Structure formats: C-alpha cells, structure tokens
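Hydrogens, waters and symmetry mates play no part in the numbers below; they use all other heavy atoms, side chains included. Protein chains get the first letters and strands the later ones, always in sequence-line order, with residue 1 at the start of each. As the structure is a prediction and not an experimental result, all values here were calculated from the model.
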Amino acid sequence: ELKVEQNPLFLSMQEGKNYTIYCNYSTTSDRLYWYRQDPGKSLESLFVLLSNGAVKQEGRLMASLDTKARLSTLHITAAVHDLSATYFCAVLTNYGGSQGNLIFGKGTKLSVKP
Amino acid sequence: DTGVSQDPRHKITKRGQNVTFRCDPISEHNRLYWYRQTLGQGPEFLTYFQNEAQLEKSRLLSDRFSAERPKGSFSTLEIQRTEQGDSAMYLCASSFGGSGNTIYFGEGSWLTVV
C-alpha cells in the first residue's frame, strides 16, 4: 500500500525566510502533485511533476522530484504572509493503463508571520 | 470553463437519513474522482470513474456509499443511513486524458451528521 509522508506537519516561518517541505512516498511512482488549501476551501493545484529530476517554479515556490529517493521537496523562498496555507503532496498510483488515483500526505500547515 | 462544480455546498442531516451530492466536472474531462477529507487530514480517495465506468473503489467506500456517473458527465455520491462518522468534506475532482494531467478539485460539499 502506498504511503505518503510529509514533514514537517506544522511550520511557522518569519517573512523573508526560506524553508523546505519534504514529501516521502513508499512505492515507485513518477507522478507527484502539490496542492495548496486555504482554510475551508478546496485544493488549488500548484505543480505536477512527471519525471525524475523534474523541477518547477512559480513565484516563491519551487518543487522538485527525485524518484530514486522517492522524495519531493517544496522550497519556499523569502516567505510572505500570503503563502500561509496548508500544502499537500499527492502521489498518483496505479496509473498504468486507464487507472490512477491520488494518495495524499497529511499536509503541512504553514504560517508566515511578520 | 467554470471549474468543477459541487452541490450542495453544505448539508446538515440527522443520523440515519440519506444524502446525495452532485458533481459536475469540467467540460470534456473524462476522469472523475471522489475524495473525503476530515479536519486536519489530507483527502482520502473514495472512487474513480473514467467516462461512465467506475474503475476503482476504496475500501473506505462501505456498502452505504454508492456513486454513479450515468452518462459520463455529472456524478452523484449517495450515502445511505448516515452515521456521525460520515461528517466530512466530500471533494470531487476531474481531469482529462493521461496520468500527467492536472487534477482539478471542486469546492467540496460539507456534510454534518447530527
């Protein structure tokens, strides 16, 4: 059974600082997704990583994927308050053929303070 | 393109009653997913359709739960004889085509069983 673990689960940062969220998963996959969720809201897609070594950047967020280590990272550069949210990584499983569903980590609740 | 639409957004029901949620995916998306999310947790996969075929069901989907996608467009998720443990946000998501495509989530349907 595929397990997805994120750490840390809670992260309090000061504005302007850098930090990395880690996402480990237990079985082979090269499809990894990052989502953002604001309180009481649905999930907003941030990145889809499709291969080993994939790196994507959007604004202050950069995501990478190492399929050999079964590890993805979400790096935050010079954090601002607007980045405060919960961030989820999710791994696509059973995607061979016509199937596929996402297995999510527990999420990292990020709070950026002035 | 109005995104994934879910209805109702909020439902309060008495234990033992049946409830039904509807999901309208993004137009032309052939894949439709149902997830459940409880407070402080990541979404958990329930079931998945490709067109009208239900291809996978989680063991979380007890026999009180049934999902349909009769014409390959909208989908319904029915919960019979609701229990307090069913209280959660039910998320619908859709995507098109291959496994590397973005999976878009709706705003969710909040269920409270009293």
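For the atom pair CD of B/Q41 and OG1 of A/T86, the computed distance is 11.5 Å after rounding to the nearest 0.5 Å. Taken to the nearest 0.5 Å, the CG atom of A/L92 stands 5.5 Å off from the CD1 atom of B/I103. The CG atom of A/L102 sits 4.0 Å away from the OH atom of B/Y35 when rounded to the nearest 0.5 Å.
If you measure heavy-atom distances from A/E44 to chain B, you find no contacts under 4.5 Å at all. Heavy-atom distances place no part of B/L39 under 4.5 Å from chain A, backbone and side chain included. For A/Y35, the part sitting under 4.5 Å from any heavy atom of chain B is the side chain, from C-beta outward, and nothing else.
More than 12 non-hydrogen atoms from other residues, nucleotides or ligands lie less than 6.0 angstrom from CZ of B/R9. In the displayed structure, B/E78 atom CD is contacted under 6.0 Å by more than 12 heavy atoms of other residues, nucleotides or ligands.
Residues A/K41 and B/M89 approach most closely at O-CE, 3.9 Å, considering heavy atoms. A/F88 and B/Q37 make their closest contact through CZ-NE2, 3.6 Å (heavy atoms, listed as atom of the first residue, atom of the second, distance).
A ring-centre distance under 6.0 Å is not found for B/F45 and A/F104.
Most heavy-atom pairs under 4.5 Å with chain A: of the set B/A53, B/G106, B/G108, this distinction falls to B/G106.
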